[in-house]
Amino acid sequence: MVWIALTMSTACAVLLVWQMQTWFGPAVIRYHTLYTRDTSIELGELFLFITPAQLRVWTMTLAIMIGGLAFILTGAPIVAGIAIVIATRLPQSLASRLRGRRLARFERQLPSALLALASALRAGVGVPAALRHIADHSEAPLAQEFGLLLREQRLGVSFETALTNLHARVPSEASALFVASLNVASHTGGNLAEILEGIAATLRERLKWQEKVRTLTSQGRLQAWIVGALPLLLLCVLSYLEADAMAMLWQTPTGWAVLAVLCMLEAGGMLLIRRIVNIDM
């Protein structure tokens with residue numbers, strides 16, 4: 001009877017694993033495909049020559065290390081699980097943040113580049129030669145994007161397609177205005193230098209108002225960080241001062257549920273404050 005029970009248990013386990021693979025297998029494959037594609041796009045836009053497979057290995061290693069450290073410090077499996085989930089999102093969040101900073105730096109560099117391009121056009125220099133001069137004497141990311149634009153042209157890509165690719169890599173209103181002005185001028189002609197000077201003046205005024213709004217909302221962003229960090233700091237202090245009383249929070253299912261609700265409320269509060277102070281210009 002024991003052998004029959006073991007055989008039936010093994011068969012049930014195998015059947016359950018096979019059924020779970022049938023249910024979750026396509027979802028895992030789809031997630032892997034989307035993760036590889038999106039990660040490749042983000043790393044390519046940042047000019048970081050790291051394969052998605054390497055990033056995935058580093059992400060899993062970081063998640064295991066952080067999860068193990070959280071479990072050693074707290075002894076709570078749910079805290080370790082939350083730490084692992086957060087750690088798996090850290091590389092992508094970092095890449096998104098770096099991409100946002102790179103885009104903002106490009107927007108700050110573009111008005112000066114447009115004025116230099118307009119001056120070169122008034123002096124009788126062609127657009128490709130002027131772009132090459134700007135790419136050679138500028139800093140990243142403007143030099144990288146203009147250099148890639150010129151390399152695409154040398155490989156046989158049309159100027160209009162190269163500009164479209166530029167806007168796809170740097171999706172902002174500033175690059176859209178720049179691409180649209182060059183496309184219109186290449187098809188219909190006109191005083192491109194004057195158009196570029198007008199766009200540069202508009203972008204500089206827009207950047208000035210963005211800096212003013214960012215300054216006025218800095219207090220709100222600071223409050224978001226304080227509101228988010230204060231409960232976590234209080235948890236750490238109480239865990240050190242009153243370890244016996246806080247043990248129920250870290251080592252019981254009820255305490256784990258309270259921690260889960262706390263994390264959700266923390267994330268919701270920070271996102272709400274961030275949405276309030278995030279004003280599009």
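We use all heavy atoms of the structure for the numbers below, so side chains are in, but hydrogens, waters and symmetry mates are not.
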key: Nearest heavy atoms of Ile195 and Ser181, plus distance in Å   = CG2-CB, 3.9 Å
inquiry  = According to a hydrophobic-cluster definition based on side-chain heavy atoms being under 4.5 Å apart (Ile, Leu, Val, Met, Phe, Trp, Tyr only), do Val258 and Leu234 belong together?
reply    = yes
note = In this structure, CG of Leu230 is separated from CD of Glu266 (nearest 0.5 Å) by 8.5 Å
query = Looking at CG of Leu114 and CD of Glu197, how far apart are the two atoms once the value is rounded to the nearest 0.5 Å?
reply = 10.0 Å
key: Over 12 foreign heavy atoms within 6.0 Å of CZ, Arg101   = no
query = Under a single-linkage definition using a 4.5 Å side-chain heavy-atom cutoff for Ile, Leu, Val, Met, Phe, Trp and Tyr, are Leu149 and Val157 assigned to the same hydrophobic cluster?
reply = no
task = Evaluate the criterion side chain to side chain donor-acceptor pair (under 3.5 Å) for residue pair Ser158 and Thr161; output intermediate values, then yes/no.
result = CA-CA 5 Å; Ser158 64; Thr161 304; 2.7 Å; yes
key: Pairwise distance NZ(Lys212) to CG(Leu207) - rounded to 0.5 angstrom   = 15.0 Å
ask   = In Å, rounded to the nearest 0.5 Å, how long is the span from CG of Leu177 to CZ of Arg206?
value = 8.5 Å
task = Can you establish whether the number of heavy atoms outside His133 located under 6.0 Å from its atom NE2 is more than 12?
result = no
ask   = Can you name the closest pair of heavy atoms from Gln109 and Ala140 and give their distance?
value = NE2-O, 3.3 Å
query = Under the ring pair (Phe, Tyr, Trp, His ring centres under 6.0 Å) criterion, do Phe178 and Phe146 qualify, and how do the steps go?
reply = CA-CA 12 Å; Phe178 171 67; Phe146 280 11; 5.6 Å; yes
ask   = Between Arg102 and Gln144, does any side-chain donor sit less than 3.5 Å from a side-chain acceptor?
value = yes
task = Please test Arg108 against Arg204 for side-chain contact (heavy atoms from CB on, under 4.5 Å), starting from the C-alpha separation and ending with a verdict.
result = CA-CA 8 Å; Arg108 290 194 298 268; Arg204 282 188 168 178; over 6 Å; no
ask   = Just how far is it from atom CG of Leu272 to atom CG of Leu265, taken to the nearest 0.5 Å?
value = 12.0 Å
ask   = Got a second to check how far Leu196's CG is from Leu115's CG, nearest 0.5 Å?
value = 9.0 Å
task = Report yes if the side chains of Glu152 and Asn165 come closer than 4.5 Å at any heavy-atom pair, otherwise no.
result = yes
ask   = Between Ala118 and Ala193, which heavy-atom pair has the shortest distance, and what is it?
value = CB-O, 3.5 Å
Where Glu173 and Glu107 come nearest, the two heavy atoms and their spacing = N-OE2, 4.5 Å
message = I'd like to check Leu166 versus Leu148 (side-chain heavy atoms, cut-off strictly below 4.5 Å). Are they in contact?
response = no
For the student: nearest non-hydrogen atoms of Ala143 and Ser138, plus distance = CB-O, 3.5 Å
message = Would you say Val125 ends up clustered with Leu150 if hydrophobic residues are merged whenever their side chains have heavy atoms under 4.5 Å apart, either directly or through other cluster members?
response = no
inquiry  = Between Ile66 and Ile64, is there shared hydrophobic-cluster membership here, with clusters defined by ILVMFWY side-chain heavy atoms closer than 4.5 Å?
reply    = no
query = Just checking, is any N or O donor in the side chain of Ser175 or Ser172 under 3.5 Å from an acceptor N or O on the other one?
reply = yes
query = Would Leu110 end up clustered with Leu103 when hydrophobic side chains under 4.5 Å apart are linked, directly or stepwise?
reply = yes
request  = Of all the heavy-atom pairs spanning Leu203 and Pro111, show the shortest one and how long it is.
outcome  = CB-CG, 3.8 Å
query = Given the rule in the salt bridge (charged side-chain N to carboxylate O under 4.0 Å, His left out) test, do Arg214 and Glu211 qualify, once you have shown the distances and angles that lead to the verdict?
reply = CA-CA 5 Å; Arg214 190 175 296 110; Glu211 292 296 331; 2.9 Å; yes
ask   = Just wondering, do Leu262 and Leu235 contact through their side chains at under 4.5 Å, heavy atoms?
value = yes
